[in-house]
K.L.:
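Just dropping this structure here.
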There are 2 protein chains.
Amino acid sequence: MGERAERRRRTEARILDAARALFGEVGYERATIRGVAKAAEVDPALVMQYFGSKQELFRHAVRVVPMAEGEPDPQELVERLLGTLDVKMELPQSSLAMLRSMLTHPEAAASAREVLGQQIDRLAGSITGDDARLRAALMTMVLLGVTVGHQLLELDELRGVPQDEVARLLRPALRALTGPDVS
Amino acid sequence: MGERAERRRRTEARILDAARALFGEVGYERATIRGVAKAAEVDPALVMQYFGSKQELFRHAVRVVPMAEGEPDPQELVERLLGTLDVKMELPQSSLAMLRSMLTHPEAAASAREVLGQQIDRLAGSITGDDARLRAALMTMVLLGVTVGHQLLELDELRGVPQDEVARLLRPALRALTGPDVS
DNA sequence: GTCTATAAAGGGATAGAC
DNA sequence: GTCTATCCCTTTATAGAC
């Protein structure tokens, strides 16, 4: 590609980074095009030029990273979940932006439901029993709650706690949710 | 009091109910004075007249109900927590309004931190060990996560599930978080 | 006391100059 | 291609008529 296109790509990336950061900090409604532009050090009109609308900017900013595939056994599953917690301590800004807005912005809510639903599906496939989906949903909500408290509400009690400490305490609770079949 | 004051009190209550419902549905930023007024079937200016500002209206709408006092043992504690889940299935609209806005509205976030902090304090007092506060925080986050998924995101997997079913599955997980000392 | 009219501010979106 | 200037709508908030 030409240096022109290259420069454009870099500018676009800088705008998206700024958008992710701002959406993640204050949520969809309080984030403004002007604010994103200022953070990215570009003209506000340029943001519109590139993305067409605030909605579209948000859509591009919150590209979600899907979880790893596969159907491990329940034990391994718990470890994998706790692993995502690890990730969530340095949660991708794109996911943070979505989480921040999921309770107030309809599209973010839809996106959250989709992602969480996928995770629930994957979890349910690894659990036996009639209430597998319910258990899977509760496990997902446990992780969501901890993430919200830590990343978004920034509760004092969770600030600066090493990830493996949280994982250690959470492990028995998640195992309890996988069901009675401790093979 | 006179019938004049009585009428005013009723109108004010109707406005507050409408405000709670709207704040709870769409959050602080998307809720408007006009919307509240329309739902309460009053003039928008009247809402301003009564409460002065949107901020103040919100403040009055989200009066939080404190949790029951006392320091029960861990076992009873879990049951009491699960009991609040019961309440949360028909969560007070004032709390719902706060929860809905806690990720995007600074004042709602502060209010949430305060309420959650109080609950964590109370829980921590009933748990032994160095990491009592951390465990208490995680227990609180578990309940928060489930509530968010059920009440705010309205996940299919949690819709229509009887409360005691959720309680049954959550009980072992919460007990695991109270600590190793199963007296 | 209640409502009409309007001011004031903010932000999304657009047209056109350079 | 990038930025200036502006439009236009929405919403909070206020002033004053009835």
Side-chain angles (χ1 to χ4, degrees), chain A residues 1-62 97 100-101 104-108, chain B residues 1-62 97 100-101 104-108:
Chain A
M1 63 179 79
E3 64 184 43
R4 210 61 62 79
E6 173 63 15
R7 178 171 173 76
R8 144 115 196 192
R9 201 191 54 77
R10 282 174 175 273
T11 304
E12 196 172 300
R14 212 169 63 247
I15 292 173
L16 280 177
D17 280 344
R20 273 187 273 269
L22 195 54
F23 282 132
E25 271 174 41
V26 301
Y28 183 84
E29 354 281 339
R30 299 177 97 91
T32 65
I33 298 282
R34 288 168 165 83
V36 170
K38 174 170 248 182
E41 294 178 318
V42 297
D43 192 274
L46 198 64
V47 178
M48 294 300 298
Q49 178 77 3
Y50 282 4
F51 298 96
S53 72
K54 182 181 178 180
Q55 187 57 246
E56 206 57 36
L57 173 63
F58 182 77
R59 214 168 283 156
H60 279 82
V62 299
R100 174 73 73 186
S101 305
T104 45
H105 186 50
E107 183 158 324
Chain B
M1 65 180 80
E3 64 184 42
R4 209 63 61 79
E6 172 64 15
R7 178 172 174 74
R8 145 115 195 195
R9 203 191 53 78
R10 282 174 176 271
T11 304
E12 197 173 300
R14 212 169 63 248
I15 291 173
L16 280 176
D17 281 344
R20 273 187 273 268
L22 195 54
F23 282 132
E25 272 175 41
V26 302
Y28 183 84
E29 354 281 337
R30 301 177 95 90
T32 66
I33 299 282
R34 286 167 163 79
V36 171
K38 174 169 250 182
E41 295 178 317
V42 298
D43 192 274
L46 197 65
V47 178
M48 294 299 298
Q49 177 78 2
Y50 281 5
F51 298 95
S53 71
K54 181 181 178 180
Q55 187 56 245
E56 206 57 36
L57 173 62
F58 183 77
R59 214 167 283 156
H60 279 82
V62 299
R100 174 73 72 185
S101 305
T104 46
H105 185 50
E107 182 157 324

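What you see is a predicted model, and the numbers here were worked out from it, not measured in a lab. In what follows, every chain begins at residue 1, and chains take the letters A, B, ... in the order their sequences are listed.
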K.L.:
Return the value, rounded to whole Å, for the distance between atom CZ of B/Arg10 and atom C1' of C/dG1.
P.N.:
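That distance rounds to 18 Å.
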K.L.:
Which sits closer to the 5' end of DNA chain D, A/Leu46 or B/Ala45, going by the nucleotide each is nearest to?
P.N.:
A/Leu46
K.L.:
Would you mind reading off the distance between A/Lys38 atom NZ and C/dG11 atom P, rounded to a whole angstrom?
P.N.:
11 Å
K.L.:
Closest to the A/Thr32 side chain: C/dG11, D/dT11, D/dT2?
P.N.:
C/dG11
K.L.:
Would one find a side-chain N or O of A/Tyr50 under 4.0 angstrom from OP1 or OP2 of D/dG1?
P.N.:
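Answer no for this pair, as no side-chain N or O of A/Tyr50 is under 4.0 Å from OP1 or OP2.
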K.L.:
For B/Glu12 and C/dT2, give me the distance from atom CD to atom C1', rounded to whole Å.
P.N.:
16 Å
K.L.:
Provide, to the nearest angstrom, the distance between the CZ atom belonging to B/Phe51 and the P atom belonging to C/dT2.
P.N.:
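It works out to 13 Å between those atoms.
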K.L.:
Report the distance from atom CE of A/Met48 to atom C1' of D/dC7, rounded to the nearest whole Å.
P.N.:
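Value for this atom pair: 13 Å.
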K.L.:
Would A/Glu29 and A/Thr104 count as a side chain to side chain donor-acceptor pair (under 3.5 Å) if you check the C-alpha gap in whole Å, the side-chain angles of each, and the deciding distance to 0.1 Å?
P.N.:
CA-CA 8 Å; A/Glu29 354 281 339; A/Thr104 45; 3.3 Å; yes
K.L.:
Nearest whole Å is fine: how far is C/dG12 C1' from A/His105 NE2?
P.N.:
14 Å
K.L.:
Can you tell me how far P of C/dG11 sits from CD of B/Glu29, to the nearest Å?
P.N.:
12 Å
K.L.:
Applying a 4.0 Å non-hydrogen cut-off, can you work out what B/Ala37 is touching in the nucleic acid: base, sugar-phosphate, or nothing?
P.N.:
nothing
K.L.:
Can you confirm whether A/Pro106 sits close enough to B/Arg30 that some side-chain heavy atom of one is under 4.5 Å from a side-chain heavy atom of the other?
P.N.:
yes
K.L.:
Could you check whether the side chain of A/Arg34 and the base of C/dG12 have a donor-acceptor pair of N or O atoms closer than 3.5 Å, going by distance alone?
P.N.:
yes
K.L.:
Rounded to whole Å, please give me the gap between CZ in B/Phe58 and C1' in D/dA13.
P.N.:
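Whole-Å distance recorded here is 20 Å.
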K.L.:
Counting N and O atoms only, with roles assigned by atom type, does the side chain of B/Lys54 sit under 3.5 Å from a partner on the main chain of B/Tyr28, one being a donor and the other an acceptor?
P.N.:
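It does hold such a pair.
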K.L.:
Tell me whether B/Asp17 is salt-bridged to B/Arg14, with the criterion being a basic N under 4.0 Å from an acidic carboxylate O.
P.N.:
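Result for this pair is no, no salt bridge flagged.
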